[in-house]
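Below you'll find the structure, written out as structure tokens, and then a few comments.
In the text below, chain A, chain B and the rest are named by the order of the sequence lines, each starting its count at 1.
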Amino acid sequence: MSTATESPVESHEAAHEEGHDHPSDRRYIQVAVILAIVTALEVGTYFVHMPGEVLIPMLMAMMIYKFFYVAAWFMHLRFDSPLFTKFFVSGLVLATIVYGITLTVFEFWHKG
Amino acid sequence: MSDVTELETPGGSIGVYTRPKANTGWRDWITTVDHKKIGILYGATAMFFFAIGGLEALLIRLQLATPDGTVLGADTYNRVFTMHGVTMVFLVIMPLAAAFANYLLPLQIGARDVAFPRMNALSFWIFLAGGLFLNMAWIVGDAPDGGWFAYAPNTGMIFSPGKGMDYYAIGLQITGIASLISAMNLIVTVLNMRAPGMTLFKMPVFTWMILVVQFLLLFAVPVITVALFLLLFDRNFGANFFNPEMGADPLLWQHLFWIFGHPEVYILILPSFGIISEVIPTFSRKPLFGYPFMVFSGIAIGFMGWGVWAHHMFVSGIGPISVAAFSVSTMFIAVPTGVKILNWLATMWGGRIRFNTPMLFASGVVSMFTIGGLSGVTHSLAPADTQQTDTYYIVAHFHYVIFGGALLGIFAGFYFWWPKVFGHLLDEKWGKWNFWLMIVGFNMTFGPMHILGLQGMSRRIDSYSPGFGFEFWNMFASIGAFIIAVGVVVFMVNVVISARRARTAPPVGLDPWDARSPEWFSPNPTPAHNFDEDIQINSLDEFWHRKYGEDEDGRVVRVATAEEVCQDGSATDTHLPSPSYWPVVLAAGLPFVGFGLMYTLWFCVPGGALVLMAIYGWIFEPVDDPDGPHGHGGHGDEPTEDPPSEERADDASAETTEEAPVG
Amino acid sequence: MIPKSLRRSPSPGRLVSLAIGGLLVLTGCAAEAPLDTLEPQGPISRSIDSLSDPIFLVAGVVFVIIFGATAIIWWKFRDDHSTDEFPHQLHGHFRAEISWTIGPAVLMAVIAVFTLLSHFDLNSEDRTDIVVSVDGERTSWDPEVLVVGQQWWWEFRYYFDGLDGLDLSDARNLPPADIVAANQLVIPTGSEIGLRITSRDVIHSYWIPALNGKRDAVPGRMAPWKIEAETPGVYFGQCTEFCGLSHSRMRMQTVAMDPADFQLWVDQQMKPAVEPTDTAALRGRAIFEGQCARCHVVNGINDGGGADLVANAAPNLTHMMSRTTFAGGIFDLYEPDGSLNRTQLEAWLRNAPAEKPAYAEGRRGMPAMGLSESQIDDVVAYLQTLGTAPAMDVITATEVD
Amino acid sequence: MRPPRPLRRPPLADTAAVSHGHGTGTGLSDNKLLMWVFLGSECLLFGGLISTYLIYRSRFGDGPAPGDIFDIPFTSVSSFVLLMSSLTMVLALSALQRGDIRNNRIWLLTTALLGSLFIGGQVYEFTTFVREGLGYSTSPFSSAFFTLTGFHGVHVSLGILMLMSLLISSLRGTLTTERSETVEIVGLYWHFVDVVWIFIFTVIYLVPSPTS
Ligand code: HEA
Ligand code: HEA
Ligand code: CUA
Ligand SMILES: [Cu+2]
């Protein structure tokens with residue numbers, strides 16, 4: 001099977017050259033530690049009482065951070081072609097908008 | 001289909017590690033991964049379903065020809081119109097578009113095949129499995145009866161206790177998988193496999209429109225997938241997604257369906273827009289007017305199509321603010337569509353137009369679609385739509401856009417590309433009869449429906465009483481429908497007659513229409529390997545620009561003949577993807593899984609086994625069979641010498657292999 | 001309201017809509033087309049019409065432009081083989097493109113303004129209380145009627161104390177109403193009547209084209225809507241959301257009466273069923289109690305009894321004779337001469353699903369009751385005691401068959 | 001007469017974004033592109049399921065409410081497990097890219113095991129919920145909850161299947177550095193499933209749910 005899947009052939013190298021080297025394992029572990037800390041913070045909110053107006057934005061911020069952190073490092077979006085990011089983000093954005101509107105029509109935000 | 005000429009020794013060929021070798025005969029059609037054959041399979045299958053959907057339409061028109069019609073009876077009528085809608089949308093227009101996309105897209109971008117040839121075959125077989133599964137409901141005697149948009153809770157177990165809606169849900173689910181696979185495949189193909197020099201903005205408009213459609217499919221299909229799953233779980237596993245008695249909201253279904261459904265209507269129309277954007281310049285002898293605007297308006301339609309779905313729900317009680325927002329967003333779709341219409345007119349304007357059959361159909365699209373689009377705009381005014389919705393005025397709208405827009409465009413494509421595909425032209429005289437019968441019959445059928453609708457005739461009624469003023473125009477429309485049918489039959493006759501005549505007549509030649517886009521670089525019919533060598537693309541309409549230049553007075557003059565420009569298809573040493581059994585095996589498993597969900601889970605076992613076996617067979621199948629058709633061993637490695645760069649790229653695209661362990 | 005300048009008489013709209021069909025032939029007039037959407041009979045439907053007509057006109061103009069251009073193209077730019085020369089190779093024209101992008105956008109923006117005005121007007125409420133006397137007491141009624149769709153007929157419930165404070169969350173178990181009518185909504189002329197539309201089973205759609213557009217009846221939801229008639233008369237309607245087998249036979253009428261007549265109607269409806277005197281009717285009542293009362297309510301006999309049906313309701317028959325149609329508004333209850341349409345009613349009692357397809361065995365619709373001919377006669381005699389016949393003009397105006 | 005010159009070509013709005021090397025193609029691997037395109041599509045699938053859940057989360061009828069039965073500490077642990085499986089997944093890939101077949105196998109196996117642990121947790125959660133009276137048919141909430149998390153679980157299970165296939169392939173000696181892209185693609189899928197869970201965990205579990 002090999003790498004014959006790329007076309008044109010030599011641009012395979014090009015794609016690699018343009019990105020940086022893949023991060024080291026150590027770096028991956030650092031990323032995981034950070035993710036773990038954020039998760040701990042997230043879970044921590046469950047034990048502390050907070051008004052919703054504070055809690056929910058906080059949770060959302062942490063979630064989005066984790067989401068994109070994983071995508072950037074583990075899924076290599078940081079190093080890979082921006083085209084991948086475009087596909088993924090266009091799916092995400094479209095989903096967010098479309099379903100956001102749907103929830104609005106269902107008055108989800110009012111009812112909470 | 002060619003005759004069976006070569007019989008295989010079955011022993012060696014069904015193993016997991018060899019690939020089928022037949023190059024002719026039925027086995028070739030089963031195992032082919034050639035995008036052209038797959039395109040033809042798509043087209044033939046879709047036309048078969050068109051005959052079914054059309055017969056259903058004729059039954060509808062028979063039933064409605066007179067008041068208190070008794071041809072079908074209420075129950076059958078409901079099944080017939082449901083299946084008519086579902087068949088026409090999912091099993092006719094979409095696969096016809098897929099037929100053109102499969103056949104032409106690789107040719108238009110100068111590629112040897114699509115990026116994932118086996119997956120391409122897979123998507124066809126899955127589509128066929130889904131279509132047959134759906135129509136199986138007729139044989140079982142329990143066809144779906146909930147309308148094509150299947151509003152809950154009428155489709156729930158309480159109100160639709162038979163198996164019909166399960167056939168609907170599972171059948172569409174299966175065809176959805178096919179669309180999704182094909183969408184992913186074609187997107188990668190367009191992005192990665194264009195001929196040298198073909199930047200995105202040198203791609204033919206047809207390719208562009210197909211690309212937009214694939215993105216629409218990519219994002220819209222999962223939405224209906226969700227909806228269909230929820231429906232299936234409601235009906236079979238006791239879930240409560242659409243059961244108001246348990247506190248569910250039936251409008252959820254409507255949202256999910258139309259979030260898919262509105263992009264879907266642009267999925268139906270954009271391929272046709274692409275086709276006529278190729279036909280009109282060719283026959284007007286002018287370049288397409290405003291190419292960038294044509295491309296951007298197509299993209300804009302694709303985008304805006306996501307923000308208007310609730311215009312199908314103006315009266316469902318979603319609240320005035322939502323209705324207002326969707327009403328306004330819908331109106332503005334008229335803008336990019338209008339750009340297209342006007343650019344086609346501007347392309348024709350000042351041209352020297354040959355009204356051959358493809359051009360007749362294309363010009364028909366421009367006018368007929370406009371009628372449908374304009375009635376669409378009248379629906380988009382929410383207050384007005386409260387009077388129009390669910391009447392024949394809507395039926396008129398969508399048949400004008402779908403028949404007058406999508407289907408006529410597809411017929412334009414048939415006549416235009418027939419020589420490319422089959423090596424002979426369709427007869428012009430029969431073609432003109434075909435066109436005029438269809439256009440007259442079509443307007444007779446659906447024109448009066450505007451009147452009927454505004455006079456208050458509801459849609460989806462199996463009969464109407466005398467005294468509402470519906471009699472005359474219904475009879476009129478029914479007559480029209482049969483005139484359409486004659487038109488369709490004329491087309492079929494034309495196909496047969498032309499094929500017969502072609503056996504003795506001289507071949508069609510390289511460039512019957514004086515065409516413009518790169519698919520015509522290869523001879524007609526297209527040889528198995530498409531192109532002998534890569535084409536260097538320097539401009540849009542490269543093919544035309546190689547034929548014509550400009551003299552010092554600025555006049556267009558011929559600089560080369562088609563023979564000089566075209567390739568002769570003589571290359572023999574090209575490497576083609578090898579055929580495979582696994583796509584058809586995998587697809588065959590799915591209906592069993594479907595039956596399992598409906599009747600007894602035991603059916604899932606053989607189904608699941610087939611699917612799994614196929615997946616593993618697929619993965620372990622050698623990517624290229626060294627003895628495969630036109631295969632020449634040793635190509636698995638990169639060529640060691642330093643061949644001309646075109647050939648290298650060529651080679652790479654020939655080896656469009658797939659790993660496929662994922663996705 | 002739509003500004004005066006936008007108001008047009010219905011005819012241009014009609015003509016243009018015909019042109020859209022490519023058929024410049026005039027069709028039958030309103031009298032023969034009781035569902036016509038272009039013949040508004042009340043202020044609400046007229047305001048819709050005054051939005052629709054201009055837009056048909058706009059569409060017609062665009063249509064003429066496009067078709068005109070196409071005709072010129074066919075005629076002028078056809079290849080007549082007079083020359084071999086190629087036409088001027090024009091690739092595009094930026095200003096033209098921009099103008100035909102902006103032009104329609106501006107046009108649509110203008111249309112959008114009028115649409116929004118009309119839309120919010122259509123969705124506003126402008127009701128004034130109506131004084132009705134209920135049981136001899138003058139009540140000021142906020143005129144709102146509860147409209148309940150079910151397979152395949154409509155129920156109308158009047159609560160003269162208003163709908164506020166009632167628990168309407170379960171359409172199959174609604175609080176007792178002052179008046180429960182079926183298939184014919186009776187309203188006073190000259191007042192905006194609020195409707196609250198819901199369903200007991202699947203989605204239906206309530207539509208009286210002459211008085212207003214549609215609104216879906218969605219189970220679990222209560223949709224606000226309204227109608228208003230100017231002149232007394234019978235206005236026809238049809239359920240327009242596909243609701244299963246007999247969707248086409250789910251029709252309805254709205255009977256608009258001037259307020260005095262409406263008061264008389266209310267008085268009648270408020271009366272309980274009268275005690276039958278004649279022996280056939282008495283026998284009929286016994287049959288009714290035995291076989292029909294498990295589904296149908298007759299006030300004073302089985303008020304509040306739940307129906308043995310998926311939808312949990314069958315038409316309330318207390319004042320059946322005061323209606324002019326039955327079974328989802330598809331059959332005449334009276335002959336043109338004002339006598340009972342006995343044939344049809346008997347056929348109905350003999351075998352209802354044969355008259356109007358229903359899944360009676362699935363408890364959807366009225367089953368064939370298996371009554372003997374003499375029993376049917378008795379039941380008919382009993383049914384005839386239920387309510388008083390409406391005025392002759394209403395009977396003639398309704399004729400549905 | 002001098003030879004005709006080429007026609008004026010149409011003005012083209014070329015975009016630089018796509019012009020790599022030859023001016024065509026993206027220069028990216030077909031397979032990886034395919035996976036990303038697919039993941040874009042999956043966003044709409046999960047989006048639909050999540051919205052369905054959100055619309056129905058307060059429609060629990062007489063059955064248990066989400067706020068009554070969610071066991072946040074438990075789910076936190078299994079979420080953490082899934083999160084860490086993403087780490088082991090990249091480690092597997094990076095090992096293979098270095099040619100370290102042994103570590104590649106170890107990390108692949110660990111990832112599959114962590115994934116299975118997560119699935120095990122989900123099975124446990126489901127059975128507990130059922131015991132507490134939250135069946136699949138109990139309410140729109142329950143149907144939506146089980147469907148959403150079930151779909152996610154099926155995705156994880158398919159991922160485990162792929163990982164095991166890779167492992168088998170590795171044991172047969174066919175999973176070499178040249179084929180690291182296959183591992184990368186399976187990894188993309190795996191991380192996506194993880195990322196979806198990050199979303200689900202926050203929005204469905206941590207954001208306070210209605211109680212009865
Ligand atoms: C090929 C499919 C297709 C296409 C392209 C369209 C195109 C459009 N559709 Fe249509 N539609 C359907 C298929 C399609 N539709 C189907 C199948 C249904 C019914 C589903 C069902 O209920 O079963 C439906 C239903 C439907 C409804 C719901 C009606 C109802 O049920 O109440 C609405 C409402 O807004 C609508 C609007 C539009 C609009 C505004 C466009 C626009 O895109 C049209 C734009 C085009 C033009 C306007 C013409 C050209 C423009 C010019 C010449 C420029 C100048 C013009 C102006 C400034 C006005 N459509
Ligand atoms: C997508 C494309 C599409 C196409 C092409 C058509 C084509 C036609 N449709 Fe279609 N129609 C729909 C999509 C389409 N329809 C949809 C989505 C609905 C809504 C369904 C719903 O409400 O749920 C609908 C509903 C619909 C209705 C309304 C039903 C109702 O509401 O009660 C009517 C009524 O006249 C109708 C008529 C026709 C007719 C006469 C044709 C004709 O143009 C058909 C012409 C074709 C033929 C006549 C075939 C000729 C073939 C032969 C002669 C074959 C013979 C050969 C052999 C046997 C080998 N259609
Ligand atoms: Cu009720 Cu249609
Ligand atoms: Cu739409």
Practice task
Taking the side chain as every heavy atom from C-beta outward, state whether Phe116(B) and Asn31(D) have any atom pair closer than 4.5 Å.
Solution key: yes
Problem - Ser41(D) versus Leu218(B), closest heavy-atom pair with distance - result: OG-O, 3.0 Å
Practice task
Would you name the heavy atoms of Leu28(D) and Asn192(B) that are closest together and state the gap between them?
Solution key: O-ND2, 2.8 Å
Problem - Region of Phe146(D) that comes under 4.5 Å of a non-hydrogen atom in chain B - result: neither
Fill in the blank from the handout: Nearest heavy-atom approach of Asp249(B) to Tyr56(D) is N-OH, 3.0 Å
Handout entry: Which atoms of Leu33(D) approach chain B - backbone, side chain, both or neither, heavy atom under 4.5 Å
Key = both
Handout entry: Segment of Thr147(D) engaging chain B (4.5 angstrom heavy-atom cut-off)
Key = side chain
Problem - Ile181(B) versus chain D, the contacting section by heavy-atom distance below 4.5 Å - result: neither
Practice task
Check for a donor-acceptor pair, side chain of Ser143(D) on one end and backbone N or O of Asn240(B) on the other, with a separation under 3.5 Å.
Solution key: yes
Exercise for the section: Name the member of Leu188(D), Thr52(D), Thr174(D) that forms the most heavy-atom pairs with chain B at distances under 4.5 Å. Expected result: Thr52(D)
Problem - Heavy-atom pair count under 4.5 Å with chain B, highest-scoring of Gly47(D), Ala144(D), Pro140(D) - result: Pro140(D)
Problem - Residues from residues 124-138 of chain D approaching chain B under 4.5 Å (heavy atoms) - result: Tyr136(D), Ser137(D), Thr138(D)
Handout entry: Residue, of Phe233(B), Phe237(B), Phe241(B), that accumulates the most heavy atom pairs under 4.5 Å with chain D
Key = Phe241(B)
Problem - Contacts of residues 99-111 of chain D with chain B (heavy atom under 4.5 Å) - result: none
Practice task
Identify which one of Val223(B), Thr225(B), Val221(B) satisfies the side chain to side chain contact (heavy atoms under 4.5 Å, CB included) criterion when paired with Leu45(D).
Solution key: Thr225(B)
